[in-house]
Amino acid sequence: MKIVKKDGSKEDFNVDKVICAINKSAKRVLIKFTDEELAYICDFVTKQAMALNKEDITVSDMHNIVETVLDNINPKVAKSYRDYRNYKQDFVKMLDEVYEKSQSIMYIGDKENANSDSALVSTKRSLIFNQLNKELYKKFFLTTEEIQACRDGYIYIHDMSARRDTMNCCLFNVEKVLSGGFEMGNLWYNEPKTLDVAFDVIGDIVLSAASQQYGGFTVPRVDEILEPYAQKTFNKQYERYISLGISKEVAEHEALKDVDTDFKQGFQGWEYKFNTVASSRGDYPFITMTIGIGQGKFCKMASINMLEVRKKGQGKKECKKPVLFPKIVFLYDENLHGIGKPLEDVFKAGIECSSKTMYPDWLSLTGDGYVASIYKKYGEVISPMGCRAFLSPWFERGGMSPADKDDKPIFTGRFNIGAVSLHLPMIYAKSLKENKDFFEVLDYYLELIRNLHLRTYDYLGELKASTNPLAYCEGGFYGGNLGIHDKIKPILKSATASFGITALNELQELYNKKSLVEDGEFSIKVMEYINDKIAEFKEQDGKLYAIYGTPAENLCGLQVTQFRKLFGIVENVSDREYVSNSFHCHVTEDITPIQKQDLEKRFWNLFNGGKIQYVKYPIDYNTKAITTLVRRAMDMGFYEGVNLSLAYCDDCGYQELEMDVCPKCGSKNLTKIERMNGYLSYSRVKGDTRLNDAKMAEIRERKSM
């Protein structure tokens, strides 16, 4: 019996080839057949082929036989098999689309991610690969319903180009990796013995580990990580000065100066490294570092020096300007940073830095809300991952819930596996058009995201620890002491998965033609409903789902396009080039910073998986006003961002807020830095912008952000 191939050639019937094909189809949907099932399939296919009574059987006939038996045994595998059998035709179309996008990237560039300089060859290559990987993800991972929801715009799956390969944002445990030494790139690194070496090694760790994931990479409490290495340098230098016959007092003074110099040079080195060395993804890794609550003298020295280096900027002597990375987050404890408290000087250094560079952002540990409640009860800090994502508690012994009153939550070393955002105005518009209950339609898309997250947990769990050795083998992630051939599934139990929210203001406008400033009750009701549903999902699935205020960058414009395609242009919903981010008041609202803080406070505890609050300061470096508003935000429990429109003349070095032409020399050669969302980016550099048109339109209309 011969099988006639599509090209007309013939080969002997071999049931092993059938088994190979169906196993591939099963693997794509994370299913493994038993030996009994495989034996049954072999027997069925062979008998059905023989029953055709033909010497030559076409490939299409064999496909029909195989699909019949798979429908009986496992419909999911049958679907996977059907989807794959016509892959050649689909691949031609897919590769044509990838080619068109690649040509656009090569000759025009790409502004989907402001951290990527698409002028660079390495970035172009990465972007083109990402486009291919994104298409493969849609083809082989998503269901028909998910693809349709994405295509229409009811949901948005973030970072499709990387979701099958690795993790999203994280709180990386650099201290654990450093302790006792570690292996990186088949080379053993001894634990640093001095502060300058610690800076170099930490820089290497961060760049290496950050390139193995996507999303924000946070090093929590870096001042406390650096403290023991500063002490080692002090001891070494102090003993050296004593050996030279210098008095103890002078030796201590000189040794402290040496440590101070190492801090300055180390932080400057990080700023150079993190803003010029692109990762393997082609972008500059989104690195965040948190500081501020270390009380030792070297912790204080670390925090103040980090802030001073950022404030002074980098560049030519006459044209210095602040860098973008690492994003600095100040951990604020009223008992340490309040008026007359022991770390008030560190707080003042932070305010001075924010007034010049916008960073640091400020995280309240002693106000109201989720982050502060954990700190006050357990003494544990929940640093933000990247620009705004926060982890849900995972307890050392009890997991999702404490085993007893002595159980403590773990945050450092944990991560997120990805975010999928809802487009609530579109979902509401769909419910109106189809005359259905809004919450019934919303449930459909919540379930869609839930199932997508569950498959992602399962899929990523099959990856080997060798895919990110610093994280999974050297202790960078919680439980990360695996062998290189071990699967990472055990580590995923403490990972979060996010349900993102955009355009709450537009949802409220669609509901009753009022903005969040004018009303907001319906939006609050919707968010309370979503919180209740996610709590049910967590309980039923045993997964740490989180609700995330999406920092829509490219998405802010895409969602308008998607809404218009199905529902047209609706006033204050889709009549601008962009939609609002998460729960923020619309940027065009003419309200004071205090009004904005009060209005957005209503939503604060409904977005515990990711949030930030920021206000625009229409003032020239007024540190008193910034101090007042930051302290107010800290009392309210906010994660607060200072928003200024920074501009620097690259010809004469003149600095001013919101200038388009240098008033000193008349140059238009400016660098402008804007707050994208929870992070900063270049709105103008060397005559161009890193931002997309929709985001630039939003920036032009900002009054209250």
Side-chain angles (χ1 to χ4, degrees), residues 20 23-34 77 80 84 126 129-130 132-134 136-137 139-142 157 159-174 176-189 204-217 279-282 285 385 391 394 399 410 412-419 452-497 542-544:
C20 181
N23 277 334
K24 285 181 179 178
S25 297
K27 188 175 182 181
R28 283 193 292 274
V29 287
L30 303 175
I31 289 171
K32 184 176 175 61
F33 285 124
T34 64
V77 179
S80 174
Y84 194 69
S126 178
F129 168 77
N130 287 348
L132 175 60
N133 221 21
K134 179 178 178 180
L136 291 172
Y137 177 82
K139 174 66 179 171
F140 295 115
F141 191 85
L142 298 183
I157 303 173
D159 304 291
M160 281 195 273
S161 62
R163 287 174 62 93
R164 294 188 312 153
D165 303 329
T166 185
M167 304 302 144
N168 189 11
C169 45
C170 74
L171 299 181
F172 198 83
N173 196 337
V174 170
K176 181 79 178 292
V177 173
L178 285 173
S179 181
F182 61 96
E183 187 177 278
M184 183 167 63
N186 298 319
L187 182 67
W188 181 258
Y189 279 65
D204 291 344
I205 290 171
V206 168
L207 283 178
S208 177
S211 68
Q212 307 307 321
Q213 62 166 79
Y214 62 98
F217 185 96
S279 75
S280 60
R281 302 191 310 264
M385 299 183 293
L391 289 162
W394 179 267
I410 303 290
T412 300
R414 291 176 50 216
F415 52 86
N416 181 283
I417 65 163
L452 202 157
H453 282 324
L454 284 171
R455 290 205 316 282
T456 304
Y457 276 109
D458 289 340
Y459 188 93
L460 291 176
E462 297 298 309
L463 296 178
K464 300 291 181 66
S466 56
T467 56
N468 190 346
L470 284 175
Y472 303 130
C473 306
E474 300 294 339
F477 285 168
Y478 179 54
N481 52 359
L482 303 174
I484 60 171
H485 300 299
D486 292 339
K487 292 182 180 180
I488 66 170
K489 189 173 183 177
I491 292 179
L492 291 180
K493 61 185 180 182
S494 66
T496 57
K543 304 295 185 186
L544 285 176

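In this text, all values refer to a predicted model and were calculated from it rather than measured experimentally.
- Under the 4.5 Å side-chain criterion, counting only non-hydrogen atoms from C-beta, F477 is not in contact with I488.
- In terms of heavy atoms, H453 sits closest to G418 at CE1-O, 3.6 Å.
- Residue pairs that meet the salt bridge (charged side-chain N to carboxylate O under 4.0 Å, His left out) test with at least one member in residues 464-483, sequence neighbours left out, do not exist here.
- A 4.5 Å side-chain heavy-atom check between F217 and P285 finds every atom pair outside the cut-off.
- Note that CG of L454 is 6.5 Å distant from NZ of K543, once rounded to the nearest 0.5 Å.
- In this structure, the side chains of F141 and T456 come closer than 4.5 Å at one or more pairs of heavy atoms.
- For G483 against A465, the heavy-atom pair with the smallest separation is O-CB, 3.2 Å.
- Taking both residues in full, the closest heavy atoms of A495 and Y457 are given as O-OH, 2.8 Å, listed atom of the first, atom of the second, then distance.
- Below 30°, between 30° and 60°, or above 60°: for F182 and Y189 the angle between ring planes is below 30°, a parallel geometry.
- Residues T496 and R414 form a side-chain contact, since some pair of their non-hydrogen atoms from C-beta on lies under 4.5 Å apart.
- We find the CE-OH distance between M160 and Y214 to be 11.5 Å, quoted to the nearest 0.5 Å.
- Considering all non-hydrogen atoms of both residues, V29 and S80 come closest at CG1-CB, 4.0 Å.
- Taking 4.5 Å as the limit, some side-chain heavy atom of N23 sits within range of a side-chain heavy atom of F33.
- Judged by distance alone, with hydrogens and angles left aside, the side-chain atoms of S208 form no donor-acceptor pair with the main-chain N or O of I205 at under 3.5 Å.
- To the nearest 0.5 Å, the span separating CG on L482 from NZ on K489 amounts to 14.0 Å.
- Under a 3.5 Å cut-off, the side chain of Y472 and the backbone N or O of D486 do not form any donor-acceptor pair.
- Evaluation of the side-chain contact (heavy atoms from CB on, under 4.5 Å) rule for D165 yields N133 as partners, not counting sequence neighbours.
- Side chains of T166 and L463 form no contact here, defined as non-hydrogen atoms less than 4.5 Å apart.
- At distances below 3.5 Å, not a single donor-acceptor pair connects side-chain atoms of E183 with backbone N or O atoms of W188.
- Put simply, CG on L171 and CD1 on I410 are 12.0 Å apart, with the number rounded to the nearest 0.5 Å.
- If you take CZ on R163 and CG on N168, they are separated by 8.0 Å, rounding to the nearest 0.5 Å.
- Looking at N468, I491, L492, T467 one by one, the single match for side chain to side chain contact (heavy atoms under 4.5 Å, CB included) with M167 turns out to be L492.
- Not one N or O on the side chain of R164 forms a donor-acceptor pair closer than 3.5 Å with the backbone of Y459.
- Heavy-atom minimum distance, G476 versus F172: CA-CZ, 3.5 Å.
- Taking the side chain as every heavy atom from C-beta outward, L470 and V177 approach each other to under 4.5 Å.
- Looking at every heavy atom in both residues, C170 comes nearest to Q213 through SG-OE1, 3.1 Å.
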### Task
Please report the C-alpha distance between T412 and Y478 in whole Å, then the side-chain angles of each, then the deciding distance to 0.1 Å, and finally whether the side chain to side chain contact (heavy atoms under 4.5 Å, CB included) criterion is met.
CA-CA 7 Å; T412 300; Y478 179 54; over 6 Å; no
